[in-house]
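Heads up, the thing below is written out as structure tokens.
Worth saying up front: this structure is predicted, and the values here are computed from it rather than measured. Protein chains get the first letters and strands the later ones, always in sequence-line order, with residue 1 at the start of each.
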Protein chains: 2
Amino acid sequence: MVESMENLSTKEKITRIGAEIIVKEGLRKFTAKNIADKLGITDAAIFKHFKSMDEIIMDIIDKYVSRCSQSAIEAVEKGTTVKEKLELLLKAHIDVLEETRGAVPVLCFELSRSEDVAFKEKLNNFVENYKSKISQIIREGQAEGSIKEDLDPEDVAMFFIGSIQAKVFAYVISGKEGRIIEHPDQFISIIFNGIMKQ
Amino acid sequence: MVESMENLSTKEKITRIGAEIIVKEGLRKFTAKNIADKLGITDAAIFKHFKSMDEIIMDIIDKYVSRCSQSAIEAVEKGTTVKEKLELLLKAHIDVLEETRGAVPVLCFELSRSEDVAFKEKLNNFVENYKSKISQIIREGQAEGSIKEDLDPEDVAMFFIGSIQAKVFAYVISGKEGRIIEHPDQFISIIFNGIMKQ
DNA sequence: TTGTAAGGTTAGGTATAACTAACTTTTAGG
DNA sequence: CCTAAAAGTTAGTTATACCTAACCTTACAA
């Protein structure tokens, strides 16, 4: 199911197979038995590694969020122009997205309406934090005149996040293997053309 | 929960409340008991109107798909320029989207990986059909020189669908009430700027 | 060698969802 | 007003998910 997993701990295998299931089969198939079957153990053994199924999901999200936030900080530091900052940020995000097989955007969508406060808070914090980082760069771009002034920075930020979400959606429904965003440069270019001046 | 439902049949109420639950609470809360509770009846009564829970979902999808496809045909007939055709098509899609509270894009996402062949087929047919309609207009635009030639029409079509998906995503995670796409004209304009020449 | 901890196992408890059967109530048409 | 169908009820059955308890097995450190 997931390539080169032999040398991983069972705990790590559980999170990876779990993420793969969420993307390929949906949350409703994210069950202890399904994971256990793919691992060749019993469902009860899962609970030797995690207290609950929710803890597995938390683990998957935490890894993504921390890596994504870290890359965003680095992009803002390294980029010299507004365009470059946004490019670096998007590219880093795409890298993390590919590595985690798109599991977190799927979870974002499917768990955002969960009554579970812990999930909601974690995901909302991530989206808000990420949104504020992007809209700050957008405002900078509007001040220097490279980005259209009539656009609402928050809307543009959501357009960025939404566009990545849309790519994951397209990937998920295509059922294809391989990369989620096949042509990152073309993707970034379409997004930019929508918001940059002339 | 849903405004002005008093004069509707129980069957219609079930599909409307069902759609509302899918969007606001997620598929995992789409249960006979949840719907029944909100309607003030028992779960067993649901099965007087529908053979199964899946049949309710089918009903929701069917209505959306047929109305969306119909509007697409009308948009192509009525629009004189390529830009106008795309505008009419998007506006009609947005109208249907608002009326159905965004349930179908959510279902598209959550059911696309279902092992259920009937769902998969219905949703894939819709996406493929819609995609081919849009990419045909895009090709027309590229021929007349109004749309960038270097863009792949199918990619652009998926960008359209994905952007609507993204708006539903933003709506869903915001937890807000009201319209899914608050500024349709600004939304359509961002999309167009990304693909039109200069 | 022996005891302990990690990581398995089987069996089962509890909750909940889908759906059904048998019954009652409501409603609308003749 | 009567009756039959529609639409509700209660009280299940069945299946499945999460999780626990009690029990094995093996590795390895004292």
Side-chain angles (χ1 to χ4, degrees), chain A residues 1 5-22 24-61 103 106-107 110-111 113-119, chain B residues 1-2 5-61 103 106-107 110-111 113-119:
Chain A
M1 185 137 203
M5 287 213 330
E6 301 78 29
N7 47 345
L8 297 175
S9 65
T10 303
K11 185 166 183 172
E12 184 65 27
K13 280 182 198 166
I14 290 170
T15 56
R16 298 233 183 161
I17 288 180
E20 192 88 6
I21 288 171
I22 287 165
K24 295 283 181 205
E25 303 175 42
L27 244 200
R28 293 198 294 186
K29 288 289 162 58
F30 176 76
T31 63
K33 192 171 182 309
N34 195 8
I35 296 174
D37 283 352
K38 289 187 168 98
L39 254 172
I41 57 176
T42 58
D43 62 339
I46 301 287
F47 300 96
K48 298 285 176 181
H49 302 274
F50 293 93
K51 276 183 201 153
S52 67
M53 294 306 288
D54 282 2
E55 209 180 69
I56 303 176
I57 292 180
M58 280 294 190
D59 232 50
I60 294 170
I61 297 174
V106 173
L107 285 172
E110 303 204 2
L111 292 180
R113 298 149 294 164
S114 156
E115 80 293 352
D116 189 303
V117 181
F119 282 139
Chain B
M1 186 134 203
V2 177
M5 287 212 330
E6 300 78 31
N7 46 344
L8 297 175
S9 67
T10 303
K11 185 165 183 174
E12 184 64 28
K13 280 182 196 165
I14 291 170
T15 55
R16 297 235 183 158
I17 289 181
E20 192 89 5
I21 288 170
I22 287 165
V23 177
K24 294 282 183 207
E25 303 176 42
L27 244 201
R28 294 198 294 185
K29 288 287 161 58
F30 176 77
T31 63
K33 193 172 180 309
N34 195 8
I35 295 173
D37 283 353
K38 289 189 169 99
L39 253 173
I41 57 175
T42 58
D43 59 341
I46 301 288
F47 300 96
K48 298 285 173 181
H49 301 274
F50 293 94
K51 277 182 201 153
S52 67
M53 294 305 289
D54 282 2
E55 209 181 69
I56 303 176
I57 292 180
M58 280 295 191
D59 232 49
I60 295 170
I61 297 175
V106 173
L107 286 171
E110 304 204 359
L111 292 180
R113 296 149 295 164
S114 155
E115 78 295 352
D116 189 300
V117 181
F119 283 138

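Note that the NZ atom of B:K11 and the CZ atom of B:F50 stand 5.0 Å from one another [nearest 0.5 Å]. In this structure, NZ on A:K38 lies 8.0 Å from CD1 on A:I17, to the nearest 0.5 angstrom. One distance of note links NZ of A:K48 with OG1 of A:T42; it measures 9.5 Å at 0.5 Å rounding. Between B:I14 atom CD1 and B:L39 atom CG the span is 6.0 Å, to the nearest 0.5 Å. Between atom CE of residue A:M53 and atom CD1 of residue A:I56 there is a gap of 4.0 Å, rounded to the nearest 0.5 Å.
If you check C:dG8, D:dT20, C:dA18 against the side chain of A:A45, the one that comes closest is C:dG8.
Distance, B:I35 CD1 to C:dA17 C1': 12 Å, rounded to whole Å. One can place CG of B:L39 at 12 Å from C1' of D:dA7, the figure rounded to the nearest angstrom. Atom-to-atom, CG of B:D43 to P of D:dT13 comes out at 16 Å; the value is rounded to the nearest Å. Spacing between atom CG of B:N34 and atom P of C:dA17 amounts to 9 Å, rounded to whole angstrom units. As rounded to whole Å, 14 Å separates atom P of D:dT16 from atom CZ of A:R28. Rounded to an integer number of Å, the gap from CD1 of B:I41 to C1' of C:dT25 is 14 Å. In this structure, the CG atom of A:D37 is 13 Å from the C1' atom of D:dA17, given to the nearest Å.
Remark: B:T10 is not in phosphate contact with D:dA6, judged by side-chain N or O atoms under 4.0 Å from OP1 or OP2.
With respect to B:I35, the side-chain contact (heavy atoms from CB on, under 4.5 Å) criterion is satisfied by exactly one of B:D43, B:T15, B:I46, B:I41: B:I46.
Among the protein residues, B:T42 comes within range of the nucleic acid bases, having at least one heavy atom under 4.0 Å from a base atom. Counting non-hydrogen atoms under 4.0 angstrom, B:A44 reaches a base of the nucleic acid.
For the pair A:N34 (side chain) and A:K29 (backbone), a donor-acceptor distance under 3.5 Å is present.
The stretch residues 46-58 of chain A comes close to DNA chain C through A:K48, A:H49, each having a heavy atom under 4.0 Å from the strand.
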